[in-house]
*Asks:* 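This is the structure I want to talk about, given as structure tokens.
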Amino acid sequence: DQQVKQNSPSLSVQEGRISILNCDYTNSMFDYFLWYKKYPAEGPTFLISISSIKDKNEDGRFTVFLNKSAKHLSLHIVPSQPGDSAVYFCAASAYRDDKIIFGKGTRLHILP
Amino acid sequence: EAQVTQNPRYLITVTGKKLTVTCSQNMNHEYMSWYRQDPGLGLRQIYYSMNVEVTDKGDVPEGYKVSRKEKRNFPLILESPSPNQTSLYFCASSLVWQGAYTEAFFGQGTRLTVV
């Protein structure tokens with residue numbers, strides 16, 4: 001049973017346009033969400049996070065939106081750049097449960 | 001430089017031969033964990049540790065052991081490796097702040113092949 005779902009295995013976006021990566025979760029106890037970026041042959045690196053008390057968090061070109069009622073979060077990258085081509089993982093954790101659950105990842109291709 | 005160091009980066013071994021993958025972090029993080037990444041399955045947590053001498057199972061702990069004798073080290077032990085443990089393994093550490101796990105720092109990964 002997948003608690004964190006990234007339903008799009010891949011996404012292609014033109015350079016300069018907006019990239020939107022989606023993530024759904026089923027566990028209503030999750031209260032902290034993170035996005036990681038992964039290049040081939042490297043470990044994932046942290047991108048941005050959001051607590052369940054917020055509905056938006058912004059860091060430069062990256063914005064994460066959280067819709068608790070829909071159990072949905074999204075990562076917006078504006079404008080998309082070639083270096084954004086990578087696999088993006090959504091992750092979630094709950095305060096009283098020490099596990100961190102990752103989605104399967106979405107591969108983002110930025111087209112020239 | 002803040003980092004998580006895993007060794008070895010690549011390992012080919014035979015079924016049943018015990019092996020250990022080491023992981024060390026220099027950030028004084030309380031929380032450490034191991035993940036495996038498989039095609040189509042994303043990152044799955046194997047074991048995690050809240051602090052020294054405190055370890056617990058993640059989602060896929062079968063066939064693995066861990067220990068946390070010191071805060072900086074969190075080795076992953078495969079007592080009797082099998083081919084289905086062929087995978088890419090990542091160690092990660094993170095700070096615990098106000099009960100939440102801040103961003104994790106990941107190691108470079110260990111690609112293990114069991115034949």
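Below, chains carry the letters A, B, ... as their sequence lines are ordered, and counting in each starts from 1.
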*Asks:* Side chain, backbone, both or neither: which part of B/Q37 has a heavy atom under 4.5 Å from chain A?
*Replies:*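 Just its side chain gets close to chain A.
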
*Asks:* Are B/L19 and B/L76 connected in a single hydrophobic cluster, I mean Ile/Leu/Val/Met/Phe/Trp/Tyr linked by side-chain heavy atoms less than 4.5 Å apart?
*Replies:*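 Same cluster: B/L76 reaches B/L19 through Ile, Leu, Val, Met, Phe, Trp or Tyr contacts under 4.5 Å.
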
*Asks:* Check whether A/A41 gets within reach of chain B through its side chain, its backbone, both or neither, counting any heavy atom under 4.5 Å.
*Replies:*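 Contact with chain B is through the backbone of A/A41 alone.
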
*Asks:* With a 4.5 angstrom heavy-atom cut-off, is it the side chain or the backbone of B/R111 that approaches chain A, or both, or neither?
*Replies:* neither

*Asks:* If you count heavy-atom pairs under 4.5 Å with chain B, which of A/P44, A/S51, A/P9, A/G103 comes out on top?
*Replies:*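 Sorted descending by pairs with chain B, the first entry is A/P44.
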
*Asks:* Could you tell me the separation between the CD atom of A/Q2 and the CG atom of B/L41, rounded to the nearest 0.5 Å?
*Replies:* 9.0 Å

*Asks:* Are A/I77 and A/L66 connected into the same hydrophobic cluster when the rule is that any two of I, L, V, M, F, W, Y join if their side-chain heavy atoms are below 4.5 Å apart?
*Replies:*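 Yes, A/L66 connects to A/I77 through the hydrophobic network.
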
*Asks:* For A/I101, is it the side chain, the backbone, both, or neither that has a heavy atom closer than 4.5 Å to a heavy atom of chain B?
*Replies:*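 For A/I101, the contact with chain B is made by the side chain alone.
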
*Asks:* Any heavy-atom pair between the side chains of B/F90 and A/E42 that's under 4.5 Å?
*Replies:* no

*Asks:* Just wondering, more than 12 heavy atoms not from A/R61 lying within 6.0 Å of its CZ?
*Replies:*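 Correct, the count exceeds 12.
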
*Asks:* Is the A/F46 to B/F106 ring centre distance short of 6.0 Å?
*Replies:* no

*Asks:* Cluster question for you: counting only ILVMFWY and a side-chain heavy-atom cut-off of under 4.5 Å, with indirect links fine, are B/Y89 and A/V87 together?
*Replies:*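 Shared cluster, no.
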
*Asks:* Should we count CZ of B/R9 as having more than 12 external heavy atoms under 6.0 Å?
*Replies:* yes

*Asks:* How many angstroms lie between CG in B/D59 and CD in A/Q3, if you round to the nearest 0.5 Å?
*Replies:* 7.0 Å

*Asks:* Taking the six-membered ring for Trp, are the ring centroids of A/F102 and B/Y35 within less than 6.0 Å of each other?
*Replies:*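 So the answer is yes for these two rings.
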
*Asks:* Would you say B/V21 and B/F105 are hydrophobically clustered, going by side-chain heavy atoms of ILVMFWY under 4.5 Å?
*Replies:* no

*Asks:* With hydrophobic residues grouped by side-chain heavy-atom distances under 4.5 Å, do B/L43 and B/V66 end up in a single group?
*Replies:* no

*Asks:* State whether the side chain of B/Q45 and the backbone N or O of A/I100 hold a donor-acceptor pair below 3.5 Å, judged by distance alone.
*Replies:*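 Present.
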
